[in-house]
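A short worksheet on the structure shown next.
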Amino acid sequence: MDTTKDHQNVVTLDVHAAKNLLHSSGYNYLDVRSVEEFNKSHVENAINVPYMFNTEEGRVKNPDFVNQVEAVFKSDDHLIVACNSGGRSSRAWVDLNNFGFKHIVNMGGGYSAWVDAGFAGDDKPAEELKTACMFRP
């Protein structure tokens, strides 16, 4: 029996549920956006491991993503995986789940939804905190 998971199996929570987990259940926030996006603004205490890199040819998958996450977290750690809008983090969830991470959830809407919900706690306007992508303005 094949136990490999795909995008249909991704466990996704909205930003309100994710925030509650961060503050009450010992979850860590794994930000899979690019370093440039992360440096622009991020959730407090987030750990950044990019799922993709921006290159001259466009975005390419980080071939060492799972190994880099494994260097920071154990497979039984509780993780909220998030990107800008939810696409990269869904793919990252699948890769981590298939590698053996047991307690992971995807944050629906990504960091943009976090900002839209007013959770960024930054004095900058939302437009300065978010990164535009093909899925969000």
Side-chain angles (χ1 to χ4, degrees):
M1 180 166 103
D2 187 359
T3 59
T4 301
K5 303 285 175 111
D6 62 23
H7 294 102
Q8 297 173 2
N9 303 108
V10 175
V11 177
T12 300
L13 300 176
D14 69 23
V15 293
H16 299 279
K19 183 178 181 192
N20 288 339
L21 286 178
L22 279 175
H23 295 298
S24 65
S25 300
Y27 272 74
N28 297 290
Y29 190 102
L30 174 61
D31 191 320
V32 300
R33 297 178 299 158
S34 69
V35 172
E36 296 83 9
E37 291 171 296
F38 183 82
N39 288 341
K40 188 173 186 179
S41 181
H42 57 268
V43 172
E44 185 178 359
N45 299 320
I47 301 295
N48 180 229
V49 178
Y51 187 73
M52 301 186 95
F53 295 120
N54 295 321
T55 69
E56 290 180 8
E57 293 80 32
R59 283 190 177 169
V60 295
K61 183 178 174 184
N62 175 357
D64 299 318
F65 173 72
V66 173
N67 291 332
Q68 291 171 350
V69 173
E70 187 183 34
V72 179
F73 298 109
K74 295 179 225 147
S75 62
D76 59 350
D77 284 343
H78 291 73
L79 302 177
I80 294 170
V81 182
C83 61
N84 187 52
S85 63
R88 285 172 283 175
S89 58
S90 291
R91 291 188 291 274
W93 185 100
V94 170
D95 288 357
L96 293 170
N97 184 273
N98 287 335
F99 189 77
F101 280 80
K102 300 171 184 72
H103 309 288
I104 52 177
V105 296
N106 177 52
M107 186 171 79
Y111 187 70
S112 290
W114 185 269
V115 171
D116 289 344
F119 298 154
D122 203 309
D123 294 334
K124 296 178 186 175
E127 301 78 44
E128 290 182 31
L129 299 174
K130 297 189 289 187
T131 303
C133 73
M134 61 189 280
F135 303 110
R136 294 189 60 95

[X] vs [Y] side-chain heavy atoms within contact, under 4.5 Å:
| X | Y | result |
| --- | --- | --- |
| V49 | V32 | no |
| E36 | N54 | yes |
| R91 | N106 | no |
| V81 | V105 | no |
| E37 | H42 | no |

Are [X] and [Y] connected in the hydrophobic side-chain network, where two residues link if heavy atoms are under 4.5 Å apart?
| X | Y | result |
| --- | --- | --- |
| V69 | V35 | no |
| F73 | I104 | yes |
| F38 | I47 | no |

Quick one: [atom1] on [X] to [atom2] on [Y], what's the gap to the nearest 0.5 Å?
| X | Y | atom1 | atom2 | result |
| --- | --- | --- | --- | --- |
| M52 | K61 | CE | NZ | 8.5 Å |
| Q68 | N48 | CD | CG | 9.5 Å |
| D31 | S41 | CG | OG | 9.5 Å |
| N84 | K40 | CG | NZ | 9.0 Å |
| F65 | L30 | CZ | CG | 5.0 Å |
| S85 | M107 | OG | CE | 10.5 Å |

Please list every donor-acceptor pair under 3.5 Å in which a side-chain atom of residues 17-29 meets a protein atom from a residue at least two apart or in another chain.
{"residue": "N20", "atom": "ND2", "partner": "H16", "partner atom": "O", "Å": "3.4"}
{"residue": "S24", "atom": "OG", "partner": "N20", "partner atom": "O", "Å": "2.5"}

(request) From the options W93, F101, F99, select the one residue that forms a side chain to side chain contact (heavy atoms under 4.5 Å, CB included) with N97. (result) W93
(request) Step by step, work out the side chain to side chain contact (heavy atoms under 4.5 Å, CB included) result for S75 and K102. (result) CA-CA 6 Å; S75 62; K102 300 171 184 72; 3.7 Å; yes
(message) Parallel, tilted or perpendicular, judged at 30° and 60°: which one describes the rings of W114 and F119?
(response) perpendicular
Looking at [X] and [Y], what are the two nearest heavy atoms and their distance?
| X | Y | result |
| --- | --- | --- |
| S89 | C83 | N-SG, 3.4 Å |
| F53 | P63 | CE1-CD, 4.4 Å |
| V15 | A117 | CG2-CB, 3.8 Å |
| P50 | N62 | O-ND2, 2.8 Å |
| A113 | G108 | CB-O, 3.9 Å |
| A120 | V115 | CB-CG2, 4.1 Å |

(message) Tell me whether R33 forms a cation-pi arrangement with Y111, defined as NZ or CZ under 6.0 Å from the six-membered ring centre and within 45 degrees of its axis.
(response) yes
